[in-house]
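So the structure is just underneath, and the comments pick up after that.
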Amino acid sequence: MHERAIERNAKKSGAAGEAYASGLASMLKEAIRDLEGSAFELDLRDDALHVGVEAEFSGARSLLSLPIVTSPTLPASGASEFWRLPADSGFAFRLNGGDPKQMSAQSRALLERALALVPDHDLDETGKRESLEPLRQIFLTGGPITFAQGIDLERAERTLDAYTQKKATLEQTHRALSPWTLVHLAEPIERWRGAIDALDSADDRSDARNKAKGVVKPGAENERRYQRTTKEVPVTGADRLPKGSLHWVTTHTPNPRYKESKPGDPPAGIRHTAHVFLVPSDGGIWFAFGDDDAVVKDKLRTVTGSATTPRLDSSAALARLRQGKHIGFGFVTTEVMHGWGLDGD
């Protein structure tokens, strides 16, 4: 049922959408065949709903089930990256992750399929071949992953009120309505920097070859809401982040030629910037995303130890979560669920 729905909905996106949906549906079918049974435990206690999930698998044919089946069961108390997350995280989880060797063995076919969906005018065949190995170095590699997201709803409400009173700009309001996100991977930053550089070079060479051949990217200029530019900016001592940290800024500028072509199309965009940080930490890396670089840097200082702001390890409400052994665990608050309904645009 689920795979048929995916295929039906994606037909609106044309051939590329159908190819993507076919691959996703195939993975879902394999994951369903792997699953033999599941059980849920619900417990309402201390003004919180505790949910436990158990699943039994007969195999690991799918990349959806492989990270679960091959994941080690470890004490939650030992997941140090999780407990260093900011105390105001509204959604956080930790997955111990699949076996890196088995994940790597299955990732090639999936990444090849994904690259095949990229139009040749964006990345030619040579560029796709050159991009495969760098992608394999950083995606679907297995190992633990820690994720957190949050939003300051009080700040969002204050800024919205200020905007209605013409005391805040659209850009300030957009920034206040955007969440921050943290992701930790147990991989060296050098691997990611090398892969990113290799992917950039492959893309530049592809663009040069396409330009020499006179290849023109299709699509009218008035169909794009934003014009985007990305640049790397230096991380200085004033940022109080670990040595070797990287910072990229993407500026989204409303496209003056954009026109709504049909009812329901989004209106013209709002100028804003998006920040991405890549920060080394104890042999691993923290990714951080958000529109407000001051907020994002504050969260990074919390997880890397250069700030003394509250962390999850100081939360009495999560004491039960530290107990036992799991392949994964986490929580979500109603506050961040309300925040998911907000949109800076």
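All residue numbers in this chain count up from 1 along the given sequence.
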Measuring from atom CD of Q323 to atom CG of L318, what distance do you get when rounded to the nearest 0.5 angstrom? 11.5 Å
Can you pull out every ring pair (Phe, Tyr, Trp, His ring centres under 6.0 Å) where at least one residue sits in residues 69-89? Sequence neighbours excluded, please. F82-F329
Knowing that exactly one of D291, D293, D88 qualifies, which makes a side chain to side chain contact (heavy atoms under 4.5 Å, CB included) with W180? D88
If I take atom OG1 from residue T159 and atom CD from residue E154, how far apart are they, to the nearest 0.5 angstrom? 11.5 Å
Does atom CZ (F289) have a neighbourhood of more than 12 heavy atoms from anything else shown, all under 6.0 Å? yes
Which of D298, V296, T302 passes side chain to side chain contact (heavy atoms under 4.5 Å, CB included) with L300? Answer is V296
Nearest-0.5 Å distance, CG of residue L278 to NE2 of residue H247: 11.5 Å
Hydrophobic cluster membership, W248 vs L241, 4.5 Å side-chain cutoff: no
Ring centroids only, cut at 6.0 angstrom: are F93 and F331 within range, meaning strictly under it? no
Stepwise salt bridge (charged side-chain N to carboxylate O under 4.0 Å, His left out) check, R193 with D197: CA-CA 6 Å; R193 182 60 196 252; D197 288 345; 3.3 Å; yes
Treating S306 as the side-chain partner and R240 as the backbone partner, does any N or O pair qualify as donor plus acceptor under 3.5 Å? yes
For the residue pair T141 and E187, establish whether any side-chain heavy-atom pair is separated by less than 4.5 Å. yes
ILVMFWY network linking L135 to I196, side-chain heavy atoms under 4.5 angstrom: yes
Side chains of P86 and L182: closer than 4.5 Å at any heavy-atom pair? yes
With no hydrogens and no angle check, is any side-chain donor or acceptor of T230 less than 3.5 Å from a backbone partner on T250? no
Do H184 and I285 make a side-chain contact, defined as non-hydrogen atoms from C-beta onward lying under 4.5 Å apart? no
Does N210 reach the main-chain N or O of D207 with its side chain, forming a donor-acceptor pair under 3.5 Å? no
Do I189 and V183 belong together in a cluster built from hydrophobic side chains that touch within less than 4.5 Å? yes
Cluster link L85 to L185, ILVMFWY, side chain under 4.5 Å: no
When clusters are formed from ILVMFWY side-chain contacts under 4.5 Å, directly or step by step, what else is grouped with V249? V233
Quick one: does N96's side chain have a donor or acceptor within less than 3.5 Å of a partner on P144's backbone? no
With no hydrogens and no angle check, is any side-chain donor or acceptor of S315 less than 3.5 Å from a backbone partner on L312? no
Is there side-chain contact between V295 and R155, with heavy atoms separated by less than 4.5 Å? yes
Carboxylate-amine/guanidinium proximity below 4.0 Å for K128 and D120: yes
Can you confirm whether E112 sits close enough to R136 that some side-chain heavy atom of one is under 4.5 Å from a side-chain heavy atom of the other? no
When rounded to the nearest 0.5 angstrom, what distance separates OG1 in T253 from CD1 in I270? 12.5 Å
Within a strict 4.5 Å, meaning less than it, do heavy atoms of the D282 and E81 side chains meet? no
Treating Ile, Leu, Val, Met, Phe, Trp and Tyr as nodes and any side-chain heavy-atom pair under 4.5 angstrom as an edge, say whether I145 and V276 lie in one connected cluster. yes
When rounded to the nearest 0.5 Å, the distance separating CD1 of I151 from CG of D292 is 11.0 Å
Mind running salt bridge (charged side-chain N to carboxylate O under 4.0 Å, His left out) on D313 and R311 for me, showing each step along the way? CA-CA 5 Å; D313 57 9; R311 307 183 306 185; 2.6 Å; yes
Determine, stepwise, if the pair Y163 / Q165 fulfils side-chain contact (heavy atoms from CB on, under 4.5 Å). CA-CA 5 Å; Y163 175 71; Q165 300 172 32; over 6 Å; no
Looking only at atom types and distance, does a side-chain atom of R322 sit under 3.5 Å from a main-chain N or O of G78, one as donor and one as acceptor? no
Can you confirm whether S201 sits close enough to D204 that some side-chain heavy atom of one is under 4.5 Å from a side-chain heavy atom of the other? no
Using only heavy-atom distances, determine whether the side chains of R209 and S206 contain a donor-acceptor pair under 3.5 Å. no
What about the rings of Y226 and H272, do their centers lie closer together than 6.0 Å? yes
Where the side chain of S281 meets the backbone of G284, is there a donor-acceptor pair that is under 3.5 Å apart? no
H252 vs R271, test: side-chain contact (heavy atoms from CB on, under 4.5 Å). Steps then yes/no. CA-CA 6 Å; H252 301 252; R271 187 187 186 281; over 6 Å; no
We want to know whether T181 and Q149 form a side-chain donor-acceptor pair, criterion being a heavy-atom distance below 3.5 angstrom. yes
Start with the C-alpha distance between L177 and L160, add both sets of side-chain angles, then the distance that settles side-chain contact (heavy atoms from CB on, under 4.5 Å), and finish with yes or no. CA-CA 9 Å; L177 293 174; L160 277 173; 4.0 Å; yes
Report yes if the side chains of S131 and L123 come closer than 4.5 Å at any heavy-atom pair, otherwise no. yes
Other ILVMFWY residues reachable from L74 by side-chain steps of under 4.5 Å: none
Centre-to-centre under 6.0 Å for F287 and W192, is that the case here? yes
